[in-house]
Amino acid sequence: MSKFKWFMHPVLILSCSTLALAVSLFLYIYWYTAALIGFQEVVRRYNLNPGQFLDYHTWFVILVLSILVALILLGISMIFIYSQKTLQLFRLQNNFINNFTHELKTPVTSLRLYLETFAKHELPRPEQLGCLQYMIQDAERLSDHISRILNLAQLESRSYKGNFSTMDLVELTENFYKRNSHLFSGANIQCHNPSNRAWPHPVDQSLFEMLLMNLATNAIKYNTAEKPRIDITFTWQRRDLYICFTDNGIGMERNQLKKIFKKFYQIGRSEDMSARGSGLGLYLAQNIARIHKGRIMAHSEGIGKGATFTLVLSRGVAEAY
């Protein structure tokens, strides 16, 4: 049966439906025109009154029919596009469920093994501390996944307002990465402020730190360098603040630069388990940027050439500084 699945492909169905409708319209006009010519010949041959047989609205009827057919084709096209987007969303959700289940199952299995080890064996104190440290990491991993799901629901709620206060973004960013350096061990994260000035801006601190966490985690996850590096640069361009996060990761193709901000989207095919994760990190980051009246853009020269994620924030109240 798999050989015949192409018969049910949406593109083929749409193409056949459109072709059938176009052929029907052509044949109708052709036959109608032929019949009209026949009537005209009969009228001329027998010197009859054309008004008795020919309606002057003929071409108007054809025009109306053509418009109706065009509307039908437009409707079919819109239904097709909607169905394709729905199918794509279903695939992304399925990919999300598979990968997210894997992300949850791995730390749970690890925790269970460590607990069983504690239950069956008397371990020396150093080994106990080592196991406990791994268990804490697994628990933090689980907590991070659960928080992302809860935060997603919160950010997508139209009633969410945020708790904003004006803060120096350079200081906030530097302190965040220093305070959480244990989460980015092995990575070199540097902040650059060429103008050597403060960059005050109204932000929701918890959300902004979530954005910083997601961008850094994403840069390190998709990185095969011996020492991952992230350079964060603060600059003014025109009337907006640009914060550029440049990494030495695996990079990406140009056609993926916009897709990566979609919900559940991950670089790599769904069956490729190297593309692990929830597919929500950059989607959450983009939503956080929008709550701050900003946006995130991605740029990459190609595979193996790293990537730059640029957070653009409107100058807003920072203009007074």
Side-chain angles (χ1 to χ4, degrees), residues 95-155 172-191 205-232 245 247-250 260 263-268 270 272-285 288 306-307 309:
N95 181 26
F96 163 75
I97 292 172
N98 291 336
N99 290 329
F100 193 69
T101 301
H102 176 81
E103 289 291 309
L104 292 177
K105 186 176 180 180
T106 300
V108 169
T109 302
S110 177
L111 285 170
R112 179 179 178 181
L113 288 175
Y114 284 122
L115 291 173
E116 288 178 348
T117 300
F118 275 111
K120 295 179 181 179
H121 306 283
E122 289 289 341
L123 299 178
R125 184 58 180 171
E127 292 186 16
Q128 289 182 4
L129 292 176
C131 291
L132 289 173
Q133 185 62 38
Y134 285 120
M135 293 173 68
I136 291 173
Q137 292 178 0
D138 288 331
E140 289 178 346
R141 187 174 173 184
L142 279 173
S143 177
D144 178 63
H145 292 321
I146 295 172
S147 295
R148 286 193 175 190
I149 296 298
L150 296 176
N151 290 328
L152 176 63
Q154 185 181 36
L155 291 177
L172 174 61
T173 302
E174 289 179 339
N175 289 340
F176 172 77
Y177 287 121
K178 288 179 181 178
R179 189 169 66 252
N180 296 279
S181 59
H182 62 287
L183 300 177
F184 311 108
S185 57
N188 184 9
I189 302 178
Q190 297 289 334
C191 291
Q205 183 175 351
S206 61
L207 288 182
F208 194 80
E209 289 184 346
M210 188 192 308
L211 180 148
L212 296 176
M213 174 67 76
N214 288 343
L215 289 178
T217 302
N218 190 74
I220 295 173
K221 179 192 300 183
Y222 295 99
N223 198 312
T224 57
E226 183 177 347
K227 189 176 183 64
R229 179 180 179 86
I230 306 174
D231 291 293
I232 306 171
F245 299 76
D247 62 60
N248 60 343
I250 62 174
I260 56 176
K263 186 190 295 187
F264 307 131
Y265 183 83
Q266 293 173 284
I267 295 178
S270 60
D272 181 10
M273 291 310 296
S274 64
R276 293 170 54 185
S278 62
L280 294 175
L282 292 177
Y283 175 77
L284 284 171
I288 293 172
F309 290 86

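Computed over heavy atoms, backbone and side chain alike; hydrogens, waters and symmetry mates excluded. These figures come from a predicted structure and were not determined experimentally.
- Summarising the geometry, atom CD belonging to Glu209 is positioned 10.5 Å from atom CD1 belonging to Ile288; distances are rounded to the nearest 0.5 Å.
- Residues Tyr177 and Ile232 form a side-chain contact, since some pair of their non-hydrogen atoms from C-beta on lies under 4.5 Å apart.
- By the neighbour-count criterion of 12 heavy atoms within 6.0 Å, atom CD of Glu116 is densely surrounded, having more than that number from other residues, nucleotides or ligands.
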Working for side chain to side chain contact (heavy atoms under 4.5 Å, CB included), residues Phe309 and Leu282: CA-CA 10 Å; Phe309 290 86; Leu282 292 177; 3.9 Å; yes
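- In this structure, the separation between CE on Met213 and CZ on Phe176 is 4.0 Å, given to the nearest 0.5 Å.
- From Thr173, atom OG1 reaches atom CZ of Phe245 across 6.0 Å, with rounding to the nearest 0.5 Å.
- Gly186 approaches Pro228 most closely through the heavy-atom pair O-CD, 3.5 Å.
- With contacts defined as side-chain heavy-atom distances shorter than 4.5 Å, the pair Leu129/Arg125 qualifies.
- Panel note: side chain Asn248, backbone Gly306; no donor-acceptor pair is recorded below 3.5 Å.
- Closest heavy-atom contact between Asn214 and Ala285: ND2-N, 4.3 Å.
- Taking CG from Asn218 and CD1 from Ile260, the interatomic distance works out to 7.0 Å, rounded to the nearest 0.5 Å.
- By the 30° and 60° cut-offs, the orientation of the rings of Tyr114 relative to Tyr134 is parallel.
- Considering CD of Glu174 and CZ of Arg179, their distance stands at 12.5 Å, rounded to 0.5 Å.
- For the pair Leu115 and Met135, the tightest heavy-atom approach, listed with the atom from each and the gap, is CD2-CE, 3.4 Å.
- What you find for Ala187 and Ile220 is that their closest heavy atoms are CB-CD1, 3.7 Å.
- When each of Ile189, Asp247, Asn188 is tested with Arg229 by the rule side chain to side chain contact (heavy atoms under 4.5 Å, CB included), just one qualifies, namely Asn188.
- Here the CG-CD distance, from Leu212 to Gln205, works out to 10.0 Å after rounding to the nearest 0.5 Å.
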